[in-house]
Protein chains: 2
Amino acid sequence: MDAVAILQEIAPESLSLVENRYRILAAIHALAPVGRRTLAQALGQSERSLRRELDRLKELGLLDSNHHGVFLRTEGFRLLGSLQVLIRDSHDIGSLERDLQVSLGLNRLIVVAGDSDKDSFVKTELAKAAKRYLVEVLHNGDVLAVSGGTTLSEVGQAFGPGSIGRKVTVIPARGGLGEDVNIQANSVAARLAQGLGGTYRLLHAPDTVEPAFLKTLLSEPRIRHVIALIRRADVLLHGIGTAEEMAKRRGLDEEQLMHLISEGAVGEAFGYYFDPKGSIVFATSSVGLQLEDLARIPRKIAVGGGRSKAWALLSVVSAGYCDVCITDEGAARRLMSLIKKREETENGN
Amino acid sequence: MDAVAILQEIAPESLSLVENRYRILAAIHALAPVGRRTLAQALGQSERSLRRELDRLKELGLLDSNHHGVFLRTEGFRLLGSLQVLIRDSHDIGSLERDLQVSLGLNRLIVVAGDSDKDSFVKTELAKAAKRYLVEVLHNGDVLAVSGGTTLSEVGQAFGPGSIGRKVTVIPARGGLGEDVNIQANSVAARLAQGLGGTYRLLHAPDTVEPAFLKTLLSEPRIRHVIALIRRADVLLHGIGTAEEMAKRRGLDEEQLMHLISEGAVGEAFGYYFDPKGSIVFATSSVGLQLEDLARIPRKIAVGGGRSKAWALLSVVSAGYCDVCITDEGAARRLMSLIKKREETENGN
DNA sequence: TCCCACAGAGACCAAATTCGTCCCACTATG
DNA sequence: CATAGTGGGACGAATTTGGTCTCTGTGGGA
């Protein structure tokens, strides 16, 4: 019998204690050096109770503090890694992964512990998992197409300052969107290329294009070059958004958004809006990756986490347009219950 | 990194919680059905704080209660076994065993978790360990000589009502001593023989005999028969007592006891009193096992636990008259520190 | 048949701990 | 030099924990 299972049976409260301390350590690791108040806010705990835990952890020699704030000691950092697998164990994420992978019919599903909605550092873990997977599957000479978004941007940052010497070509799958430069597909492509040790191309085009201008854009040689690369990409790495969030980022007004939602759109990926069953309810007219290109790409990886994105994940995955999914526990558990409910109602009929 | 080690680092208090609950479960298992007050006394805890733990454990479905008292549910019993190895792990008893075995120059040292002085149920665990070892080493046709004492009596009780079909001959190593029939070597021999599935012989003689009467006793054919068996015993299983305790049990008066102690006696085994270095400071004149018989016996097992018996264990083991020792953590740790101190003073010279 | 010892459950008050919420001195940073 | 952020301290309220007593029920022994 596993030690964690025993603990679960005889002293479950001790496991929640450990879990909370893990969250604290992880948050500190992400934010260090950070003050009590900021940390308390990030963790959604009261300052006082957090302080007590911090004092204990300090006693245990896992962290230390100075006038900049608290930060992990090397012992704490070491422990953080061990804790991660412990938490995975205690949450039984392994079987969650397996079950959900089968239910969704994916080639591969990776779930990291935690919920991005509750803890921002989980997004970093998600990004690290994506990085590991990329490193695993990419070969020299491969073409990697990437989308934009906050999650993808994190994936880029998960690569440290150095490079790992993987000679790949990274290209943006879609055009520019919104105002934040850091989350543009172009930026992500550049960052990933640097981290991987490869080269990148930029797609100088907006994400949404009036059909009338498409032709003009496509006449541009450099754009056509990138688009040709997209069509023969070996790996596609894209984020997943809720319909609402992406509609707002695209600057759709209230009326258009209402229309989208009334059509049943819950998720978005590479410019397409999906309903829960995976049907496309709206497609942005754009240069870059088109739906028909997907079939040619052998490996399509979706990355996205947080309980709030469960519906979006469900819609995109149901479409069958991706075969690898990297998400977090919050989303995965919600997804699981959604699927169960769906099956129940289907059996009910 | 082991889960227990992680817990130790990040939440040591949770481990003491688990340990306490283990003690409670173990005590209940030994005493069930038992009332709160009796249990609190057995564990040396206040009734109130024990009640809280009992309520929690009841919530967890590990135990239940009726008007007879509390008792383990099957889940609790299952968990008890798993907990035992967990506690062993967390106390690092494996390395304690190894280190001490080397320090004492034993062929085999077995340490069970806990301290017989503090928890009576540890004695039961000690007995179970002794039973397991006996079952491991005894073969059909072997002759097993046993001493008396409370610990040995427990070993006998560790065998259930059935027998395990080991055709051995069990004999008492020494004569009768004191008033309690259950802890006589004769009783232990009978009980063990029944548990093992073998036969036994009784030694109808007192433990201490005036030298003048020895000859008379030895002329008795049945006594001579048993003594002959003792001399060719394959395994000797004996308890270990503190000098004081055994002197009292033998009815020595205050003066004789003071004399023994002034001579440095700290431990007793099969009628011989040893000082800390293992020298014999006093020997009872007796029928039964003699010192010179020991060399002929290939396997000599000493059983005894409790922090208070550390000195006694040290003295008996130092003598080199036993090669296997089964004890508990309380005694073992104390023993370890005694040995370390001794080494330090030796190095100091 | 009765009685008593021991069982669990409940109650109540004191002590300890935890928690929320301030304030304060300090220090990098702009 | 102002400011925003830091750790640390303080203090009363709230909660939890601990100690002790009582009550009722029950089963075993006289």
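Letters A, B, ... mirror the listed sequences (proteins, then strands); counts begin at 1. Quick note: numbers below take in every heavy atom, side chains included, and nothing from hydrogens, waters or symmetry partners. Keep in mind it's a predicted model, so treat the numbers as computed, not measured.
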Worksheet item: Separation of B:Asn66 atom CG from D:dG28 atom P, in whole Å?
Response: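 The answer, rounded to whole Å, is 11 Å.
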Inset, instruction - Take the protein atom CZ of A:Arg37 and the nucleotide atom P of C:dC26, then report the distance between them rounded to whole Å. - result: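 So the CZ-P distance, A:Arg37 to C:dC26, works out to 16 Å.
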Closer than 4.0 angstrom, basic N to acidic O: yes or no for [X] and [Y]?
X: B:Glu125; Y: B:Lys128; value: yes
X: B:Glu19; Y: B:Arg23; value: no
X: B:Glu154; Y: B:Lys123; value: no
X: B:Asp64; Y: B:Lys58; value: no

Step by step, would you call B:Leu83 with B:Val18 a side-chain contact (heavy atoms from CB on, under 4.5 Å)? CA-CA 9 Å; B:Leu83 273 170; B:Val18 169; 3.7 Å; yes
Axis-to-axis angle across the helix from C:dT1-D:dA30 to C:dG30-D:dC1, five pairs each end, nearest 10 degrees, ~ 20°
Practice problem: Give a yes-or-no answer on whether the side chains of A:Ser153 and A:Thr150 include a donor-acceptor pair shorter than 3.5 Å. | Solution: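 No.
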Between the side chains of B:Gln8 and B:Asp2, is a donor N or O closer than 3.5 angstrom to an acceptor N or O? no
B:Gln45 versus B:Asn20: any side-chain heavy-atom pair under 4.5 Å?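 Counting from C-beta outward, B:Gln45 and B:Asn20 do come under 4.5 Å.
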>> Is there a side chain to side chain donor-acceptor pair (under 3.5 Å) between B:Ser187 and B:Asn182? Walk through the geometry before answering.
In response: CA-CA 6 Å; B:Ser187 307; B:Asn182 292 310; 5.7 Å; no
| said: Tell me whether the side-chain N/O atoms of B:Ser46 come closer than 4.0 Å to OP1 or OP2 in D:dG19. | reply: yes
message = Check this one for me: any side-chain N or O of B:Ser65 less than 4.0 Å away from OP1 or OP2 of C:dA7?
response = no
_A:Lys248: salt bridge (Lys or Arg N to Asp or Glu O under 4.0 Å) partners, not counting sequence neighbours_ =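 Salt bridge (Lys or Arg N to Asp or Glu O under 4.0 Å) check on A:Lys248 returns A:Glu244.
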Contact check, residues 11-31 of chain B vs DNA chain C, heavy-atom distance under 4.0 Å, returns none
Quiz item: Which of residues 47-63 of chain A have a heavy atom under 4.0 Å from DNA chain C?
Solution: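 A:Arg48, A:Ser49, A:Arg51, A:Arg52, A:Arg56 - these, ordered by number, are the residues of the stretch whose heavy atoms sit under 4.0 Å from the strand.
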- request: Return the orientation label for the B:Phe77 and B:His29 ring planes: parallel under 30°, perpendicular over 60°, tilted otherwise.
  value: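 Ring orientation, 0 to 90° scale: tilted.
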For this session: Return yes if some donor-acceptor pair links the side-chain N/O of B:Arg88 with the main-chain N/O of B:Val111 below 3.5 Å, else return no.
Result: yes
Hits for ring pair (Phe, Tyr, Trp, His ring centres under 6.0 Å) against A:His91, two or more places apart or cross-chain, chain-then-number order -> none
Check: B:Arg36 side chain, C:dA9 base, donor-acceptor under 3.5 Å =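 For B:Arg36, whose side chain was compared with the base of C:dA9, there is a donor-acceptor pair (under 3.5 Å).
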What N/O pairs connect the protein and nucleotides 27-30 of chain C at under 3.5 Å? Give each pair on its own line.
from	atom 1	to	atom 2	distance (Å)
C:dA28	OP1	A:His67	NE2	3.4
C:dA28	O5'	A:His67	NE2	3.1

